[in-house]
Amino acid sequence: MTETPYTFDLNDPDCIPSRYDNHIRRTLTSMRGQYQDTAAYDAMLAKEDTLLYEVYELQRPHVAGEVLHGISIVHPGKVGDEYFMTKGHFHTVLETAEVYHCLKGEGCMVMETPEGEWAVAELRPGVVLYVLPRWAHRSVNTGAGDLVTLFAYPGHAGHDYGTIEQKGFRKLVVERGGGAVVVDNPRWSGGQ
Ligand SMILES: [Fe+2]
């Protein structure tokens, strides 16, 4: 870990940062139970453990004064009619926010609070999204190419994936008639 200020470049065409410390790859197996169409999920997994998204992280201490940052790349595709997406999470320290800057692609951020409020923000190149404290967030790629975002959040935020793994998000983003639509998640259990 460097102790002097640094820069990095986001090279065309893939936006893979010119420096990073961790490269996380999430495949179908890490999303078990997250997609609505379990038959489509099983059929897809039987063929290949498809790579869904990747995260390039710059390593910094997980303390309040730091800003953790990196690049998220969600690949295009669907499981059934549901678009490829990230696991989604609350921050362990709920009262911490996050900034996203969309660099490439097309998609959205699905968000919700523990009380069941929800929001969906469109992501396209140039869009900056501020995810308020308390809002869980999941990137969804609704386009034909990679969805690439730069993210930054407080060093002490932490990740709570378990709540979303158990409850799901209140809203799903699926393809209907060739376009992306937001629908209720029939299995959402946040209100129970
Ligand atoms: Fe986050």
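We count residues from 1, following the sequence as given. It should be emphasised that the depicted structure is a prediction, and the values quoted were computed from it without experimental measurement. Counting starts at 1 for both ligands and their atoms, in listed order.
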K.L.:
Check this for me: R124, atom CZ, are more than 12 non-hydrogen atoms of other residues, nucleotides or ligands nearer than 6.0 Å?
P.N.:
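No, not enclosed.
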K.L.:
Which heavy atom in L51 sits nearest to a heavy atom in F84, and how many Å separate them?
P.N.:
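The answer is O-CE2, 4.3 Å.
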K.L.:
Main chain of G116, side chain of R170: is a donor-acceptor contact present, judged purely on distance under 3.5 Å?
P.N.:
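Yes, because the side chain of R170 sits within donor-acceptor range (under 3.5 Å) of the backbone of G116.
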K.L.:
Before accepting this row, confirm whether a basic side-chain N of the pair E112/K171 lies closer than 4.0 Å to the acidic partner's carboxylate O.
P.N.:
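Salt bridge between E112 and K171, a charged N being under 4.0 Å from a carboxylate O: no.
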K.L.:
Do H137 and H89 have their ring centres less than 6.0 Å from each other?
P.N.:
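Yes.
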K.L.:
Everything protein-side that's N, O or S and under 2.8 Å from the Fe ion (ligand 1): list it, residue and atom.
P.N.:
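As for protein N, O or S atoms lying under 2.8 Å from the Fe ion (ligand 1), they are H89 NE2, H91 NE2, E98 OE1, H137 NE2.
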K.L.:
Can the positive tip of R19 be found less than 6.0 Å from the middle of the six-membered ring of Y6, inside 45° of the ring normal?
P.N.:
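Ring-cation test returns yes.
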